[in-house]
Each structure stands twice: as C-alpha cells, then as structure tokens.
*Asks:* 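The structure under discussion is supplied below as structure tokens; questions concerning it will follow.
Heavy-atom basis, side chains included; hydrogens, waters and symmetry copies ignored. Chain letters run A, B, ... following the sequence lines, proteins first, then strands; residues in each count from 1.
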2 protein chains.
Amino acid sequence: MTDDRWVPPPVLLTVDLVILTLRESRLQVLLVERGVEPYKGDLALPGGFLQHPEEDLITAAHRELSEEADLDVETLRLEQSGVYGEPGRDPRGRVVSVAYLAIAPRLPEPIAGTDAADARWQPVDHVLSGDLKLAFDHRRIVEDGVERARVKLEHSALATAFCGPIFTITELQEVYEAVWGIPLDPRNFYRKVQKTDGFIVPAGSARKSATGRPARLFKAGQCEVLYPPMVRPSESSNTKEQ
Amino acid sequence: MTDDRWVPPPVLLTVDLVILTLRESRLQVLLVERGVEPYKGDLALPGGFLQHPEEDLITAAHRELSEEADLDVETLRLEQSGVYGEPGRDPRGRVVSVAYLAIAPRLPEPIAGTDAADARWQPVDHVLSGDLKLAFDHRRIVEDGVERARVKLEHSALATAFCGPIFTITELQEVYEAVWGIPLDPRNFYRKVQKTDGFIVPAGSARKSATGRPARLFKAGQCEVLYPPMVRPSESSNTKEQ
DNA sequence: ACCCCTTTCTGTCATGCTGACAAAAAGCTA
DNA sequence: TAGCTTTTTGTCAGCATGACAGAAAGGGGT
C-alpha cells in the first residue's frame with residue numbers, strides 16, 4: 001500500500017439470482033442448466049457477468065433474468081441478499097458474485113434463454129437436502145436466500161405477493177406453511193392476519209371453488225412492515241445449546 | 001453474450017468497514033481522514049482495495065482495519081452488511097464495495113495508520129443527521145450498518161458484547177438505549193432480560209461504584225439467538241402510511 | 001328434502017408477556 | 001438518622017397467543 005505504482009487487482013463480478021415462487025403448494029427456485037463450461041450441464045442459479053463496465057448491478061440482474069429465463073419480470077423486486085467472494089469458488093478466476101433475491105406469485109414455466117440449455121422450477125427442499133447438486137457455491141446461496149425469505153415473511157407483508165391480486169386467508173396461510181415448512185392452525189392464523197393492521201383488506205364478496213364453505217376474498221393492504229410481526233413457532237427451539 | 005470473444009469487464013473491489021462501539025454512552029463509528037485523493041481530507045469509513053487477486057474479502061477487511069486504525073481486532077467478528085456498486089459512486093472508475101459491520105465493546109482510541117491522516121470515533125448521530133459529511137456514499141453505508149445493528153440487538157445476544165466481560169443490567173440497558181436511541185423502563189428491562197433464557201447469567205456477588213444500591217453482576221449467557229426477542233417500542237409506528 | 005362431509009369463520013379460555021407504576025432494599029453522604 | 005440515589009421486587013390491567021369447541025355455509029349423494 002506504500003508503493004505508488006501499485007494498482008488494485010481487478011476482479012470479475014457476477015450477479016446470481018434466487019427467484020422463489022410457489023407452485024403446487026411448494027416453495028420452488030428457478031434453476032438453469034448450464035450451457036457452457038464450467039459446470040456445463042449442471043444446474044445453477046441464473047446469473048452471469050456484468051455486460052459492460054458501467055452496468056448497474058441491479059440492471060445486470062434483471063438482464064440476466066430475462067436472458068436466461070424469459071420471464072416477464074418487470075415488476076419483480078430484486079433485493080440484495082449477499083456477496084460471495086471466496087477465492088476459488090469459480091475455476092475461471094477471481095469471481096465475486098452478488099446475489100439477488102426475488103419472491104413472486106405463481107410464475108409461469110420459464111423458457112430457456114441463450115446461455116442456458118434449460119430453465120425450470122425445482123423444489124427448494126431438493127436443493128437444501130442435497131438431493132440436487134448445484135454448480136459453484138449456489139447451494140449456499142439458495143440456503144441464505146431461503147432463510148432471508150423466511151425472515152421477511154415474519155416482518156413484512158411480502159406473503160401477499162406470493163398470492164394473486166385477490167386471495168383467501170387460507171391461500172395466504174398456505175404461503176406461510178410452504179415457505180416456513182411447518183403447519184399452522186387455521187383459526188389462529190385467521191385471527192392473527194385479520195388484526196394485523198394494514199396487512200390484508202377485504203376485496204369483494206365471498207365465494208370460491210370446490211367443496212366447503214365459501215371463503216371471503218382479500219387483497220394486499222398498504223402496509224409494508226408488519227407490526228406485530230408474524231412469528232414462526234419453531235424459532236423458540238433455536239437457542240444454541242451448550 | 002453471443003460473442004465468443006467477449007470478455008467480462010473487470011471491476012475494482014473494495015471493502016469498507018463500519019465499526020461501531022459505545023463511548024460515553026453514545027454509539028460511535030470509526031472514521032478516518034482520507035490521506036489520498038479522491039476526497040482527500042474528508043472523513044470516510046476505513047477500507048480499501050483488495051491487495052492481491054487471491055485475497056479473501058474478510059481477510060482484506062481485517063487487514064484494512066489494522067492498517068488504517070491500529071486496533072487490536074483479532075477477535076472482532078466482522079459481518080457482511082451490504083454491497084454498494086452503483087456506477088459513479090467512485091470517481092476512480094467502477095468500484096464495487098463490500099461493507100462489513102462489527103460491533104464491539106469500548107474500543108480504545110484508534111491510531112491512524114498508513115493510508116489515513118487520522119482515525120477517530122465519531123457519534124453516529126452526527127453522521128446520520130448529516131452534520132458530518134462523509135466521502136463517497138459512506139453515509140448511506142453507515143445508515144444501513146446502524147440499522148442492521150439495531151435489528152441485531154433485538155434478535156441476538158449481541159448487546160452483551162458491547163459490555164465488558166462482567167456487567168450490570170443497567171449497563172446492558174444503556175447499550176440498548178444508545179443503539180436504539182430511545183429510553184427504556186429500568187424495571188421492565190430488568191424483568192425482561194432476566195427471563196430471556198440464556199441471555200445473561202449471574203456472575204459473582206453484587207457491588208459496584210458510586211451512589212445507589214449495589215447492582216448484581218452478570219456475564220453473557222451461552223445463547224446467540226434471543227427468544228423471545230427484545231422488541232423496540234418505536235417499531236410500531238413504522239407502518240408505511242399511504 | 002335430508003344427511004353427511006368439507007371448509008370457513010366465530011368464540012372461549014387459560015396462559016404468558018408487556019407497559020405502567022408502587023414500593024421495598026441497599027448502599028452513600030451529610 | 002434523615003435524605004438521596006439506584007437497584008430490585010411486586011402488582012395490575014391489557015393484549016396476544018395456543019389450543020380447541022362449535023356454528024355457518026356450501027356441495028353431493030340418496
């Protein structure tokens with residue numbers, strides 16, 4: 001650092017995308033089959049290098065998403081979820097990756113783009129359990145992203161974004177159950193979301209499909225931050241035991 | 001992306017450090033006076049470029065900390081707190097910065113290192129209020145770091161790390177008050193931390209300095225995650241109003 | 001029409017946490 | 001001993017929660 005002629009070493013920057021959605025009542029993550037080396041043929045998160053030196057990170061993230069999986073994600077709000085810069089994580093050299101997270105309602109089946117041989121949804125538990133091997137350190141990135149989504153569900157009104165514009169309380173409950181991976185009591189859940197101010201507002205009259213009593217319809221309220229938060233019960237047993 | 005001869009654009013990577021401590025019952029952040037252009041003479045967070053292409057991010061963070069402010073921070077646990085990569089944030093070119101956060105007990109007055117003309121503690125409210133101008137987008141980084149510290153105080157036993165190895169409940173309360181920036185009721189706080197399992201454990205007999213009834217002494221418990229969490233009262237008014 | 005089944009919705013009840021506050025306990029000082 | 005400060009122990013009402021009972025509102029089958 002005392003040498004005037006020293007120049008900082010450049011690194012290569014990538015963005016990786018953890019796109020979560022709900023399909024068949026399960027939390028699923030968007031994965032692509034890599035069409036190029038390294039890890040050609042393996043599953044990985046969509047993502048890639050910055051295109052030009054002036055490209056914004058978030059712009060690059062959106063671009064990669066539309067390139068690798070042709071999803072209409074204009075409205076998708078990407079949120080930073082971590083940086084992964086360990087040397088050796090990419091055989092191509094020193095690559096630092098910024099991970100972005102998005103959580104969205106039932107998205108359609110993606111269409112593989114230019115860089116990806118294939119793109120499809122996979123249940124996150126297959127990734128977390130290790131049944132599904134991912135390229136690079138992408139499993140770790142998925143883990144971190146899912147944990148962040150779980151926490152976000154507690155403190156923000158994000159869960160409504162998983163549903164359509166109009167939904168029933170039971171549908172909202174299924175979102176929580178899928179993301180948290182635990183069952184909830186319908187009656188207490190009903191009471192809780194009703195009295196959490198600004199979370200959901202009534203939308204039109206009742207009536208829904210199939211069997212059982214017709215459910216009332218709701219839409220997302222205007223508040224972002226939930227107070228009091230939705231607490232997931234399992235958190236209690238998380239105290240680190242000596 | 002369809003051009004085989006295309007190579008990804010390199011970027012320069014820096015680490016920036018948000019080191020928070022408690023001095024004189026106020027939350028303070030470590031700042032250095034820049035000794036080189038750009039922003040020479042301005043206050044900024046300690047930090048700098050990766051030294052060589054194989055340097056780990058966290059290693060670089062520790063190195064910069066010891067270079068710019070000669071603190072003995074072997075035990076300091078740095079935690080990632082964000083990436084700042086907006087084009088134009090640094091006049092030297094495309095510079096992406098990874099911010100690290102550390103929270104620590106009363107640290108000594110720092111000693112300016114090689115790159116910094118000076119290094120010292122500054123109250124965070126001076127930074128947040130805008131009274132103190134920082135170089136680059138460092139004010140934003142401090143804001144994010146402080147908010148993260150506030151949240152961490154709610155859910156983790158971090159607050160004990162601000163105190164010495166042995167402390168009184170009142171001292172612990174002062175930590176919360178300083179970081180959250182609000183007053184708390186001593187009696188309710190006393191009750192709360194006592195029954196939060198694994199947060200604090202008794203350490204030796206009572207007795208302390210100055211006036212008033214001697215306080216009992218405690219040390220940090222073994223648990224990391226607080227359940228139930230410490231909730232800061234102001235959070236209730238945080239609902240985003242339409 | 002009637003019964004059964006499913007799902008949604010409304011209550012109830014005991015428990016435990018919280019905020020607000022009273023008051024006792026334990027020192028020090030004058 | 002009186003007065004002051006700070007810590008510690010209670011008290012009390014209100015609110016949220018978990019567990020669960022049971023009513024309401026449909027549909028399908030006979």
*Asks:* Considering only heavy atoms of chain B and a distance under 4.0 Å, specify the first and last nucleotide of DNA chain C in 5' to 3' order that meet this criterion.
*Replies:*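 Result: C/dC17 to C/dG27.
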
*Asks:* By the 4.0 Å heavy-atom rule, please label A/Thr168 as base, sugar-phosphate, or nothing.
*Replies:*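 The residue A/Thr168 makes no contact with any strand.
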
*Asks:* Establish, with yes or no, whether the OP1 or OP2 oxygen of D/dT17 is under 4.0 angstrom from a side-chain nitrogen or oxygen of A/Arg232.
*Replies:*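 Negative; the distance criterion is not met.
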
*Asks:* Would B/Glu154 and B/Arg150 pass as an ion pair if we require N to O under 4.0 Å?
*Replies:*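 No.
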
*Asks:* State plainly whether the residues A/Arg232 and A/Glu147 are in salt-bridge range, i.e. N to O under 4.0 Å.
*Replies:*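 Yes.
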
*Asks:* Taking only residues two or more places apart in sequence, or in another chain, which ones meet A/Arg216 in a salt bridge (Lys or Arg N to Asp or Glu O under 4.0 Å)?
*Replies:*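 Scan of A/Arg216 (salt bridge (Lys or Arg N to Asp or Glu O under 4.0 Å), adjacent residues dropped) gives none.
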
*Asks:* Please list residues of residues 185-196 of chain A whose heavy atoms come under 4.0 Å from any atom in DNA chain D, ordered by number; otherwise none.
*Replies:*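 Hits under 4.0 Å, by residue number: A/Asp185, A/Arg187, A/Asn188, A/Arg191, A/Lys192, A/Lys195.
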
*Asks:* Could you pull out all residues at least two apart from A/Asp137 that satisfy salt bridge (Lys or Arg N to Asp or Glu O under 4.0 Å)?
*Replies:*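 Partners of A/Asp137 under the salt bridge (Lys or Arg N to Asp or Glu O under 4.0 Å) test: A/Arg89.
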
*Asks:* Go through the steps to decide whether A/Lys195 and A/Asp197 satisfy the test salt bridge (charged side-chain N to carboxylate O under 4.0 Å, His left out), and finish with yes or no.
*Replies:* CA-CA 6 Å; A/Lys195 79 166 52 169; A/Asp197 210 62; over 6 Å; no

*Asks:* So which of B/Phe199, B/Trp180, B/Tyr176 actually passes ring pair (Phe, Tyr, Trp, His ring centres under 6.0 Å) with B/Phe189?
*Replies:*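 That would be B/Tyr176; it is the only one of B/Phe199, B/Trp180, B/Tyr176 passing the ring pair (Phe, Tyr, Trp, His ring centres under 6.0 Å) with B/Phe189.
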
*Asks:* Is there a side-chain contact between A/Pro233 and A/Ile182, using heavy atoms and a 4.5 Å cut-off?
*Replies:*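 Side-chain contact under 4.5 Å: yes.
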
*Asks:* What does nucleotides 24-30 of chain D look like as a protein-contact string, B for base, S for sugar-phosphate only, - for none, at under 4.0 angstrom between heavy atoms?
*Replies:* BBS----

*Asks:* May I have the step-by-step check of side-chain contact (heavy atoms from CB on, under 4.5 Å) for B/Trp121 and B/Leu30, ending in yes or no?
*Replies:* CA-CA 5 Å; B/Trp121 297 107; B/Leu30 181 63; 3.5 Å; yes

*Asks:* Whether A/Arg77 and A/Glu224 form a salt bridge (side-chain N of Lys/Arg under 4.0 Å from carboxylate O of Asp/Glu) is what I want to check.
*Replies:*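 A/Arg77 and A/Glu224: salt-bridged.
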
*Asks:* What is the distance from CG of A/Leu184 to C1' of D/dC20, rounded to the nearest Å?
*Replies:*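 Those two atoms, CG and C1', are 16 Å apart.
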
*Asks:* Check salt bridge (Lys or Arg N to Asp or Glu O under 4.0 Å) between B/Arg140 and all other residues, then give those that pass, not counting sequence neighbours.
*Replies:*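 Only B/Asp144 meet the salt bridge (Lys or Arg N to Asp or Glu O under 4.0 Å) criterion with B/Arg140.
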
